[in-house]
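Heads up: the structure comes next, in structure tokens.
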Amino acid sequence: MNVLVINCGSSSLKYQLINSDSEEVLAKGLCERIGIDGRLVYQKEGCEKEITESPMPTHKEAIQMVLDALVNEKTGAVKTLAEIDAVGHRVVHGGEKFASSIVLTEDVLKQIEECNDLAPLHNPANLIGNRACQDLMPNVPMVGVFDTAFHQTMPRKAFLYGLPYEYYEKYKVRRYGFHGTSHSFVSKRTAEFLGLDYNKSKIIVAHLGNGASISAVLDGKCVDTSMGLTPLEGLVMGTRSGDIDPAIMEFIAKKENLDIEGVMNVLNKKSGVEGLSGVSSDFRDLEAAYHEGNERAIAACEVFAYRVAKYIGSYVAAMNGVDAIAFTAGIGENTSFIREKILSYFGYLGITMDAEANKKRGEDCIISTPDSKVTVCVIPTNEELAICRETVALVK
Ligand code: AMP
């Protein structure tokens with residue numbers, strides 16, 4: 001089967017066409033600046049990137065351009081649209097309604113819409129993309145794969161906040177967690193790679209990208225994760241603060257004369273390692289500044305690694321042990337000096353790092369020594385492939 005995987009943002013859209021039998025990516029790319037002007041990046045497997053500037057007033061025109069590129073006579077990946085058998089859509093928030101992926105029907109779309117206020121920036125965009133696809137490919141089955149679904153197995157003690165219970169009852173204020181497709185994919189792959197029985201294992205996944213989150217996966221089920229009602233909670237991220245004392249919000253609002261939107265903007269876009277370092281949110285820049293002796297960059301890297309280590313420690317407690325720790329996503333897969341910093345906190349668990357193996361990047365590999373009490377590995381994530389697999393499982 002050929003599956004088109006779509007990840008729609010408010011003004012952008014990423015796509016991949018995957019052959020689900022060989023799991024080969026036939027073509028991939030993105031549409032940017034939707035609603036502003038419009039730019040399509042298209043890359044057929046083994047070919048150079050093509051960039052086309054063309055107006056994209058809405059997601060519908062963007063998806064039409066993607067489909068045209070996919071069937072283009074010269075550079076297309078397939079001959080006709082009939083060769084696209086299904087579409088898998090990333091959906092950010094499924095609330096408590098969706099604990100697994102689902103075939104998208106009108107009724108399901110309405111239920112997703114009811115979750116919009118939990119993810120006002122993301123869900124409406126996901127839905128617009130879905131509806132545009134349905135208009136252009138009315139007979140092709142569509143599947144929604146939720147960022148939150150994998151975390152729905154968390155027990156009450158992990159997902160409830162210490163707030164008036166009525167907020168949970170009335171507004172569904174609770175921990176949901178995000179990056180679920182990645183946590184699911186990487187935890188399963190970790191078990192497979194290490195020869196563990198997934199259903200009898202204790203795995204901690206550290207998804208460290210521009211957005212970053214950690215999960216504790218016990219016997220194949222997520223029992224805790226660091227992101228909360230929104231993707232702002234937990235680790236210190238590229239530009240997001242992660243956990244802070246909630247009273248800081250009022251304090252900063254008064255000092256800086258900001259309203260609630262202004263404070264949220266600071267916490268989401270001006271904080272994290274970028275806000276701390278004043279250098280960048282990108283660890284390639286931070287690593288360079290760190291080695292140049294830039295004190296604020298050093299502080300940012302230390303804060304980042306320390307927060308990850310604290311979360312890992314708390315999840316060892318939550319699961320009463322750990323068999324494997326897996327690093328993934330942009331930073332987790334590529335930034336060996338940060339992994340080293342994080343692992344330096346776990347002497348008490350008997351973890352020892354293999355410095356040579358820790359230099360590797362971009363492939364499944366073990367970075368702990370053979371006598372380490374806990375196996376530590378790097379497992380590249382592949383959310384598009386995970387969405388493709390989920391889609392095939394539901395439409396086949
Ligand atoms: P992601 O959100 O998973 O795409 O991760 C993006 C982040 O990963 C970037 O902001 C960088 O901080 C980091 N990153 C990506 N590639 C590298 C690399 N080769 N070396 C160091 N950090 C990297």
Side-chain angles (χ1 to χ4, degrees), residues 5 7-10 12-16 25 28-30 32 41 43 90 92 121-122 147 150 177-187 189-190 205-215 225-227 230-242 268-292 294 296-305 307-308 326-343 357-365 367 377-387:
V5 175
N7 179 356
C8 246
S10 54
S12 68
L13 178 162
K14 290 189 208 145
Y15 64 91
Q16 282 193 8
V25 178
K28 65 180 178 183
L30 72 155
E32 291 172 301
V41 180
Q43 186 172 25
R90 176 188 181 212
V92 167
L121 295 179
H122 294 98
D147 270 23
F150 182 62
F178 297 87
H179 297 137
T181 314
S182 176
H183 287 286
S184 166
F185 178 89
V186 172
S187 56
R189 177 70 195 133
T190 301
V205 177
H207 176 111
L208 309 179
N210 198 29
S213 66
I214 303 220
S215 66
T225 191
S226 58
M227 283 178 167
T230 75
L232 183 56
E233 193 183 348
L235 303 177
V236 176
M237 306 178 215
T239 61
R240 286 175 239 165
S241 64
N268 273 305
K269 302 202 173 130
K270 298 189 174 163
S271 301
V273 289
E274 180 169 296
L276 276 168
S277 67
V279 172
S280 169
S281 62
D282 193 307
F283 271 78
R284 285 164 283 207
D285 305 327
L286 281 170
E287 187 171 0
Y290 180 97
H291 292 303
E292 283 161 12
N294 179 321
R296 277 176 58 187
I298 294 170
C301 293
E302 284 173 349
V303 169
F304 180 87
R307 179 75 57 88
V308 175
F327 287 102
T328 195
I331 301 158
E333 290 167 28
N334 293 297
T335 313
S336 48
F337 94 107
I338 289 291
R339 291 197 298 252
E340 184 178 347
K341 262 189 189 305
I342 295 166
L343 293 177
N358 189 40
K359 288 181 188 154
K360 287 191 198 163
R361 55 175 63 184
E363 57 178 306
D364 295 342
C365 63
I367 59 166
C377 51
V378 175
I379 303 286
T381 192
N382 191 336
E383 286 167 278
E384 290 77 15
L385 180 57
I387 293 173

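Ligands are counted one by one from 1 in listed order, and the atoms in each one are counted from 1 as well. Computed from a prediction, not measured in an experiment: that's the story for all the values here.
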Just checking F337 against F283, ring centres under 6.0 Å apart?
no
V186 and F327, any side-chain heavy atoms less than 4.5 Å apart
no
Around atom 12 (O) of ligand 1, find the nearest protein heavy atom and jot down its residue, atom name and distance.
F283 N, 2.6 Å
Ligand 1 to T335, heavy atom cutoff 4.0 Å, flagged ligand atoms 21 (C), 22 (N)
Does the side chain of T181 reach to within under 4.5 Å of the side chain of F150, using non-hydrogen atoms?
no
Ligand 1 versus R361, non-hydrogen atoms closer than 4.0 Å: side chain, backbone, both, neither?
side chain
Could you tell me whether N210 and ligand 1 have an N or O pair separated by under 3.5 Å?
yes
Any luck finding a side-chain donor-acceptor pair between H207 and S182 under 3.5 Å?
yes
S213 and H183: side chain donor to acceptor below 3.5 Å:
yes
Flag atom 22 (N) of ligand 1 as yes if some protein heavy-atom distance to it falls below 4.0 Å, otherwise no.
yes
Within a distance under 4.0 Å of any heavy atom of I331, pick out the atoms of ligand 1 and give their elements.
8 (O), 12 (O), 13 (C)
Derivation and outcome, side-chain contact (heavy atoms from CB on, under 4.5 Å), residues E333 and R361:
CA-CA 6 Å; E333 290 167 28; R361 55 175 63 184; over 6 Å; no
Any atoms of ligand 1 less than 4.0 Å from a non-hydrogen atom of A329? List them with their elements.
3 (O)
At under 4.0 Å between heavy atoms, what of D282 touches ligand 1? The answer is both
Quick test of your reading of the structure: of T239, T381, N334, whose heavy atom lies closest to atom 16 (N) of ligand 1?
N334
Ignoring hydrogens and geometry beyond distance, is a side-chain donor-acceptor pair present between S271 and S241 at under 3.5 Å?
no
Any N/O of G330 closer than 3.5 Å to an N/O of ligand 1?
yes
Quick check: do N294 and V279 have side-chain heavy atoms less than 4.5 Å from each other?
yes
N/O of L208 under 3.5 Å from N/O of ligand 1, yes or no?
no
Element-labelled atoms of ligand 1 that are located less than 4.0 Å from some non-hydrogen atom of G209:
1 (P), 2 (O), 3 (O), 5 (O)
